[in-house]
Amino acid sequence: MEAGLVKAPIEVYRFDPTHDRAPRYDRFELELAPHTPVLTALLKIRADSDPSLTMRYSCRSSICGSCAMVINSKSRLACQTPIGPELERHGRIVIDPMRNMPVLRDLVVEMGGFWGNYRKLEPHLIDNPERPMPEGRPSSMSPEEVERFKETPRCIACGACYSACPAVEHDAAFPGPMSLAKLYRFVVDPRDGGQRERLLKIQPGGLWLCLRCHLCTEACPKDVRPSERIRDLKEMAIALQGATEHGSKHAVAFKENIRERGVLNEFKLVRQTYNPIEMLGQVPQGLKIRRKKPEITQTPKPIEGLAEVEKLYEILDDEPEATK
Amino acid sequence: MHRHDVVVVGAGLAGQRAALAAVEAGKDVAIVSKLHPLRSHSGAAQGGINAAVGAEDSVDTHIYDTVKGSDYLGDQDAIEFFCRSAGPTVVEMEHFGTIFSRGSDGQLASRPFGGQGFPRTIYAADRTGLALLQALYERLGTESFTLYEEWDLTRIVVGEGRVQGIIAFDRRHGDFAGIAAKSVVIATGPAGRVYGRTTNAHSCTGDGIAAAYRAGALLKDMEFVQFHPTALLESGILITEGARGEGGILKNVNGERFMSKYAPHVLDLASRDVVSRAIWTEVKEGRGFPGGYVHLELMHLGRERIESRLQEICDFCRNFAGVDPVTQPIPIMPGQHYMMGGVGTNIRGETNIPGLFAAGEAACVSIHGANRLGGNSLLETLVFGKEAGIHAAAHAEKASTTEIPNGLVEEETALIRGMSERKDGEEPQHLRAEMQATMDELVGIYRHPNDLTEALRRIRALQTRYQSVRVVDRSSIYNINLTDALETGHMLDLAEVIVIGAIARTESRGAHARVDFPRRDDVNWMKHTMARRTATGPELSYAPVAFTRWEPKERVY
Ligand SMILES: Cc1cc2nc3c(=O)[nH]c(=O)nc-3n(C[C@H](O)[C@H](O)[C@H](O)COP(=O)(O)OP(=O)(O)OC[C@H]3O[C@@H](n4cnc5c(N)ncnc54)[C@H](O)[C@@H]3O)c2cc1C
Ligand code: FES
């Protein structure tokens, strides 16, 4: 082997619905420098051993968003993932198509659902009568306003977050991390007049289906931090119209609940999240829990250091940013 | 069969802007693109877009800089129109929602770019193209049009002296279809992959330029190929000129800031061709690092400035070269970056074929002449994309309905499917690699007549071998082995035109540097090369350059 090269066993998911009954993994042995991106390795496979291996790619510089795939179980950009650290950690490189999207063939997935969710959120500026665009001039934006976009302009719509998201897998009504990060980008844009409507629509529109697992933020190759922007949207939505959804009621109840006694009052939490009829639906679950862990369904005693808890809340009331 | 008033091929900035203009004119518009619009290579542009909007700056200086930058091969009427449109274009993009970088006063920030008298390059961090592409896509999304997503153009149909439509195939399902259109706009972007070391994406294969050429359109000034001075050594990934705008400097193996020899006044910010040739010369004369490259240093700018202003570059260097620009110099070499040439058009985007328009990097108006200035091509995509869209719509308004002639789609399908049915023959990726090596080696920054002749011989041999190109993949679904083959065929045509143009042009001008004719020759060569396809290869003719106010001078920086 040439100096500086490492052995790179690569296993690639293969499936052509017109020929294959079931997916399989093809194994390739390559010798490459450790900083070689996975995309380069795949292109080498295509050039030297199997030109029928198919995938999406274009820029090879992590800007076009084409090459997202699952590499050793993580949704990532192939062009941005060097093989060295993968081999050190896993001994081999296993490549699958993105999740949460049907496979078209090999590493190419059907992204129609992903794009559809994004378009549904009306990703374009809506006229803002309070701040009309100046005639013939660019609008002005203060540094604080620019700051509010956070990292969202960096999004390349690769789909890695969507692929990594358990909420997408669980519930088709969830628009997905990327779409919500995009929505945030419009909500905070001072040129946009749709802030109110956007927030009103998104509360029942799936915002609260986010599980706060932060897997999207972990997956994002451009450090857009979708889960943090989803949190911001949740806060803005509650500030605008109060808690109207199970998710938001739950969040608000959670906060009050802890303030009262320093521990969760599960029964009260349920009461504050659901209306009486909906609560009926929770009864079987409640009974099950009561059987297994009776203490959970009883009203807990306030904890000893409740004064400390209250102090924390006061700090947070004064300085909401402190949570972040 | 599909039918539209206007079919725009390509969904980068030029294509989308053309489509928007045509939709706004009330036409039934379709976009055909082999990539999802947001994946277009426009998104990779880092540095910025030029507009003389600063208080000290003026449209006239922008015009002058562009004319001078073009080495007097740019058409001055087009350049005047272009620079005048810059301000309104940037304002429009801002109003569409582009998130530009701003100064503390809340106004659009600008940075200095090579070859220009003022800092007039407006930017969005170091992802200007992405910011523009997103905003335009989002704006266009509010209109109604048909998107043929992941469809590849294979042929422009011309008959009865006009455009009749196109033939394209759907990558995802493998079906070929005719799309009849009264007007067709070619906005398929760059052809950089004709070279191996290029800053362009893998998809930049000049398909639309080649299809137009095969359909009888004239290609203009194809021999002018811009090399970007600072491409990452191995991958060719671009390190934006913005890095030098922010204060980055080039050094050779002796630690010398060698640009002081080549451009004493503007140093590292000289025009691209000047800097590329300087680096090339340093390396050729033995002052490069072992393996043949030089260093771009940013370290002295400090972590904070590097990470806030040049964030993408930091990522590139760390991810793709294993180098941290905060603490280490970046290894760079010039790489193919931009094709000044393309499908010849006038200021309205019209080609020599009625109903056929072109815009963006696939077109040659020409505003870049022999050398493009950084920041002018994003502007070009928007300014002339819009013009092409407006005039394509106007043409469709007058034109009668067109048909794709019977049997043509079947003929095209059979031709292309034939590549998959061959038992033997060469695989496209090998032919492509040989073509790229030939162009890198023999048709680079300095051009030697013997090299060019040899390049022509090799390209023609590759064309012959291409006749029996073989597609190994038989699948009808997302067969990129097939697109490899089609793209390679396109690029071989273009490589031939580039080389023939370079052989004929016995002078040095802008990006075309002939070692045997080191001077610009205004008496004989102040003219555009026009290439027409014939059965035996490109046939060259020449067209005059339009002059308005600027007399040619020697270009010194
Ligand atoms: C790395 C890099 C950085 C740059 N930075 C700057 C900068 O800072 N400032 C500046 O002014 N310029 C810059 N440029 C140049 C500029 O980005 C390009 O010239 C410009 O974006 C080209 O836009 P376009 O719309 O013509 O083509 P693209 O954006 O490349 O779009 C081409 C479109 O055509 C489609 N297409 C191609 N072939 C086919 C086919 N066969 N069938 C169907 N569709 C097809 C593609 O899918 C794509 O949608 C840079 C270029 C590069 C490579
Ligand atoms: S190829 Fe463009 S993001 Fe990887």
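Lettering of chains follows the sequences in order, A, B, ..., and the numbering in each one begins at 1.
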inquiry  = Has Arg191(A) got a side-chain atom pairing as donor or acceptor with Glu94(B)'s backbone, closer than 3.5 angstrom?
reply    = yes
ask   = Closest heavy-atom contact between Arg172(B) and Leu104(A)?
value = CD-CD1, 3.4 Å
ask   = Would you say Ile156(A) and Arg127(B) make side-chain contact, with heavy atoms under 4.5 Å?
value = no
inquiry  = Can you confirm whether Arg102(B) sits close enough to Ser142(A) that some side-chain heavy atom of one is under 4.5 Å from a side-chain heavy atom of the other?
reply    = no
ask   = Above 12 or not: heavy atoms from other molecules or residues under 6.0 Å from CZ of Arg131(A)?
value = yes
query = Parallel under 30°, tilted from 30 to 60°, perpendicular over 60°: which one fits the rings of Tyr137(B) and Trp115(A)?
reply = perpendicular
task = Quick one: which of His124(A), His19(A), Arg46(A) has the most heavy-atom pairs under 4.5 Å with chain B, could you say?
result = Arg46(A)
query = Between Ser62(A) and chain B, which part of the residue has a heavy atom less than 4.5 Å away: side chain, backbone, both or neither?
reply = both
ask   = Which heavy atom in Ser475(B) sits nearest to a heavy atom in Arg105(A), and how many Å separate them?
value = CB-NH1, 3.2 Å
key: chain B contacts, top residue of Met55(A), Arg56(A), Gln80(A) (heavy-atom pairs, under 4.5 Å)   = Arg56(A)
Pairs of heavy atoms under 4.5 Å with chain A: top-ranked of Pro88(B), Ser235(B), Ala131(B), Gly141(B) = Ser235(B)
request  = Check whether Ser40(B) gets within reach of chain A through its side chain, its backbone, both or neither, counting any heavy atom under 4.5 Å.
outcome  = neither
note = Applying a strict 4.5 Å limit to non-hydrogen atoms, the region of Arg318(B) in contact with chain A is neither
key: Test item: Thr18(A) and Ser476(B) side chains (from C-beta on) under 4.5 Å apart, heavy atoms   = yes
key: Nearest heavy-atom neighbours spanning Arg39(B) and Ser66(A)   = CD-OG, 3.2 Å
ask   = Between Glu150(B) and chain A, which part of the residue has a heavy atom less than 4.5 Å away: side chain, backbone, both or neither?
value = side chain
ask   = Which heavy atom of Arg60(A) sits nearest a heavy atom of Phe320(B), and at what distance?
value = O-CE2, 3.9 Å
ask   = Hey, what do you get for CG (Asp50(A)) to CG (Asp473(B)), rounding to the nearest 0.5 Å?
value = 8.0 Å
query = Between Pro34(A) and chain B, which part of the residue has a heavy atom less than 4.5 Å away: side chain, backbone, both or neither?
reply = neither
ask   = What option among Leu133(B), Val53(B), Thr142(B) has the most heavy-atom pairs under 4.5 Å with chain A?
value = Thr142(B)
inquiry  = I want to check something: taking the side chain as every heavy atom from C-beta on, are Pro17(A) and Ile477(B) in contact at a cut-off of under 4.5 Å?
reply    = yes
message = Take a 6.0 Å sphere around CG of Asp20(A) and say whether it holds more than 12 heavy atoms from other residues, nucleotides or ligands.
response = yes
task = Please determine, among Ile480(B), Asn319(B), Asn481(B), the option with the most heavy-atom pairs under 4.5 Å with chain A.
result = Ile480(B)
Contacting moiety of Ser101(B), where chain A heavy atoms sit under 4.5 Å = neither
task = Look at Arg139(B), His41(B), Gln134(B), Glu427(B) and state which one has the largest set of heavy-atom pairs under 4.5 Å with chain A.
result = Gln134(B)
message = I'd like to know whether Glu234(B) forms a side chain to side chain contact (heavy atoms under 4.5 Å, CB included) with His35(A), so could you lay out the CA-CA distance, the side-chain angles of the two residues, the decisive distance to 0.1 Å, and finally the verdict.
response = CA-CA 11 Å; Glu234(B) 265 176 59; His35(A) 73 264; 3.2 Å; yes
inquiry  = As an exercise: rank Asp315(B), Asn200(B), Val471(B), Val90(B) by heavy-atom pairs under 4.5 Å with chain A and give me the winner.
reply    = Asn200(B)
query = Based on non-hydrogen pairs under 4.5 Å, which of Gly136(A), Ser140(A), Ser139(A) is most in contact with chain B?
reply = Ser139(A)
request  = Identify the heavy atoms of Ala47(A) and Gln429(B) that sit nearest to each other, and give their distance.
outcome  = O-NE2, 3.5 Å
query = Do Arg185(A) and Ile99(B) touch side chain to side chain, with heavy atoms closer than 4.5 Å?
reply = yes
message = Less than 4.5 Å to any heavy atom of chain A: does that hold for the side chain of Ile237(B), its backbone, both, or neither?
response = both
query = Where does Asp105(B) contact chain A at under 4.5 Å (heavy atoms): side chain, backbone, both or neither?
reply = backbone
request  = Could you check if a side-chain atom of Lys222(A) sits within less than 4.5 angstrom of a side-chain atom of Leu130(B), using non-hydrogen atoms only?
outcome  = no
message = Can you tell me which of Glu122(A), Met133(A), Glu145(A) forms the most heavy-atom pairs within a distance under 4.5 Å of chain B?
response = Met133(A)
ask   = Looking only at heavy atoms, what is the nearest atom pair of Val91(B) and Pro138(A), with distance?
value = CG2-CD, 3.7 Å
ask   = Between Lys182(A) and Glu138(B), is there a side-chain N and carboxylate O pair less than 4.0 Å apart?
value = yes
request  = Just give me the residue among Met93(B), Arg474(B), Gln311(B) that pairs up with chain A most often, heavy atom to heavy atom, under 4.5 Å.
outcome  = Gln311(B)
task = May I ask you to name which of Cys158(A), Gly65(A), Pro143(A), Cys59(A) has the most heavy-atom pairs under 4.5 Å with chain B?
result = Gly65(A)
query = Between Leu35(B) and Cys64(A), does a side chain to side chain contact (heavy atoms under 4.5 Å, CB included) hold up when you go through it step by step?
reply = CA-CA 10 Å; Leu35(B) 305 173; Cys64(A) 76; over 6 Å; no
